[in-house]
Amino acid sequence: MAMFPALMNNSIFGDFFDDPFFNNWRDGRRQGQGAKNALNSPLMNTDVREKDGQYQLSIDMPGFDKKDIGLRLEDGYLIVSAQKNGDQGDKDDQGRWIRRERYTGSCSRSFYVGDKVRQEDIHAHYANGTLEVTLPKISIEPADNTQKIAIED
């Protein structure tokens with residue numbers, strides 16, 4: 001299985017690179033406010049690498065502290081979120097703000113990892129504005145949900 005975003009499924013290689021890891025890769029239901037702008041945001045751009053039977057995610061999160069970042073496993077999704085609160089007042093101890101362009105708010109990304117991945121299998125490290133996440137590559141077998149319906153006479 002190749003690790004490419006579901007957004008690429010509309011390309012000529014869509015079937016070739018199909019991988020459930022990226023189903024709903026930027027799913028607005030699992031993102032906070034501003035999910036429509038998330039595609040254009042420099043926050044949380046992600047590189048995914050497959051190595052030694054594991055997936056390695058490198059997620060850009062500049063300007064966040066380790067305490068601002070949260071990871072959780074929910075219904076087969078690895079959800080990475082961050083919250084940055086800033087003083088939005090008109091003044092600080094140095095004087096009145098004329099213009100402030102620093103990011104405050106929250107952002108979130110979700111990755112489908114399957115129901116077999118456990119919390120203790122996921123390892124994360126944050127340094128220099130990049131969150132590194134390692135998790136096992138577990139092959140996901142398609143479920144046979146076919147149910148036959150009898151045709152009445």
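These figures come from a predicted structure and were not determined experimentally.
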Side chains of L57 and F111 in contact at under 4.5 Å (non-hydrogen atoms):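 Side chain of L57 against side chain of F111, heavy atoms only: contact under 4.5 Å found.
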Close side-chain approach of L135 to D121, heavy-atom, < 4.5 Å: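 Sidechains of D121 and L135: no contact.
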Which atom names give the shortest non-hydrogen contact between [X] and [Y], and what distance separates them?
{"X": "S58", "Y": "E132", "result": "OG-OE1, 2.8 Å"}
{"X": "G63", "Y": "K84", "result": "O-NZ, 2.7 Å"}
{"X": "S108", "Y": "M44", "result": "N-SD, 3.7 Å"}
{"X": "V117", "Y": "V113", "result": "CG2-O, 3.4 Å"}

Side-chain H-bond candidate by donor/acceptor type, T134 with Q56, under 3.5 Å: no
From [X] [atom1] over to [Y] [atom2], what is the distance, rounded to the nearest 0.5 angstrom?
{"X": "S110", "Y": "E74", "atom1": "OG", "atom2": "CD", "answer": "9.5 Å"}
{"X": "I69", "Y": "C107", "atom1": "CD1", "atom2": "SG", "answer": "8.5 Å"}
{"X": "I149", "Y": "E152", "atom1": "CD1", "atom2": "CD", "answer": "10.5 Å"}
{"X": "L131", "Y": "R109", "atom1": "CG", "atom2": "CZ", "answer": "12.0 Å"}

Q119, CD atom: more than 12 neighbouring heavy atoms under 6.0 Å: no
Below 3.5 Å, can you tabulate the donor-acceptor pairs from side chains in residues 122-130 to any protein atom, sequence neighbours excluded?
unit_1 : atom_1 : unit_2 : atom_2 : d
Y126   : OH     : M61    : O      : 2.8
Y126   : OH     : F64    : O      : 2.6

Residues forming a salt bridge (Lys or Arg N to Asp or Glu O under 4.0 Å) with K148, sequence neighbours excluded: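 By the salt bridge (Lys or Arg N to Asp or Glu O under 4.0 Å) rule, K148 matches no residue at all.
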Q83: partners by side-chain hydrogen bond (donor to acceptor under 3.5 Å, both in side chains), with sequence neighbours left out: N85
Stepwise side chain to side chain contact (heavy atoms under 4.5 Å, CB included) check, L71 with I79: CA-CA 6 Å; L71 271 81; I79 302 171; over 6 Å; no
